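Remember, it's a predicted structure, so these values are computed and weren't measured experimentally. Every heavy atom of this structure was used, including side-chain atoms; hydrogens, water molecules and symmetry mates were not.
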Amino acid sequence: MSAAVPYRPTASIPLGITSMLMAVALFGAMDALVKWLTAGYPTIQIMFFRSVFALPPVLLMVARGPHGFGALRTRQPVAHATRSLFGLGAMLCFFYSYSFMPLADVTAIAFSAPIFIAFLSVWLLGETVGLHRWSAIVVGFIGMLVIVRPGMGMLQSGALVVVAATALYALAMIQIRKLGRTEPSTTIAFYFTLFCLVFTGLVLPWFWVTPTLADLPLLAGVGLLGGCAQLLMTRAYTLAPAAVVAPFDYTHMLWAVLLGWYLWGDFPGLQVWIGCAIVVASGLYILYRETVRGAAVPKIATE
């Protein structure tokens, strides 16, 4: 998320929606590449390549911003480090979960992020949550429980890893909401990418697996796809209001289902579809309430 990209009435809503759809498609392709690569490479190594090759698109986004590279000056290094730590943890858990769970299942659980954000904002941001939003939060959690199926099955499936990833993502988004009061979205994206690059680079020697020539383009593709998707998503929120473009993020499920079915033969069970529908409905209602209150803000992906 980012609260630093105001909507301009002269912007193009159709172009904003198109940018969002393209961003989600690229993120879907990136997720599939990550899942494919987890069969032969450690999660840390994939995250390193994700950060290395995502940096050029992010730098391009910074250079094209209204302040250029001057936007990288910041007085909140600790806040950026905190946001990056949460984002790094979310990325680690999400990428790791792809190694043992279908893409669609992970995506369906991740859709509960707005519910976590609304819940945590009460204590971390001091926001007032009325009956409507509390009802949406409760309904959303019920939908998530339908997907993860609490009990020993949840422990065996590793769904708890995805739930933890979603909670960390929500914490990162809340931190971004705080940073967005004074920092441009490009600055937040840059320091997150840089933090991930430095951290994964430091621990990479203990996880390194020499890539094959065939896999090198795939590892590079993870970063390029993620970086370009981040660029497009930021542009989408610049061109159109968050309330217009944010719902199109849910097309991620379509890509997760199609790619999961085509590449691995995975297809979500009925309980995943039912739970996903409940979670999406709850998330859209929370978005509506946030928009009415004027608190809805764009997001910067942590994948």
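Side chains of Ile17 and Ile13 form a contact here, defined as non-hydrogen atoms less than 4.5 Å apart. Residues Val163 and Phe116 form a side-chain contact, since some pair of their non-hydrogen atoms from C-beta on lies under 4.5 Å apart. A heavy-atom distance below 4.5 Å is found between the side chains of Ile137 and Trp134. Side-chain contact between Val106 and Phe94 is present, with heavy atoms from C-beta onward closer than 4.5 Å.
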Could you go through the side-chain contact (heavy atoms from CB on, under 4.5 Å) check for Ile109 and Met101 one step at a time?
CA-CA 11 Å; Ile109 298 173; Met101 284 187 70; 4.2 Å; yes
Please test Thr74 against His80 for side-chain contact (heavy atoms from CB on, under 4.5 Å), starting from the C-alpha separation and ending with a verdict.
CA-CA 9 Å; Thr74 179; His80 279 289; 3.4 Å; yes
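Here the options are Arg50, Gln45, Met91, Met47, the test is side chain to side chain contact (heavy atoms under 4.5 Å, CB included), and the partner is Thr200; only Met47 passes.
Put simply, Phe69 and Tyr191 are part of the same group of oily side chains (I, L, V, M, F, W, Y) that touch within less than 4.5 Å, one to the next. Leu219 is connected to Val203 through a chain of hydrophobic side-chain contacts under 4.5 Å among Ile, Leu, Val, Met, Phe, Trp and Tyr, so both are in one cluster.
Between His252 and Phe111, the ring planes lie perpendicular to each other; the angle is over 60°, past the 30° to 60° tilted range. Relative ring orientation between Phe100 and Tyr96 is described as perpendicular, the plane-to-plane angle rising above 60° on a 0-90° scale split at 30° and 60°.
For Thr43 (side chain) and Leu92 (main-chain N/O), no donor-acceptor pair under 3.5 Å exists by modelled atom type. For Ser112 (side chain) and Ile115 (main-chain N/O), no donor-acceptor pair under 3.5 Å exists by modelled atom type.
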Just list the side-chain donor-acceptor pairs under 3.5 Å for residues 262-284, sequence neighbours left out, or say none.
from, atom 1, to, atom 2, distance (Å)
Trp273, NE1, Pro268, O, 3.4
Ser282, OG, Ala136, O, 2.4

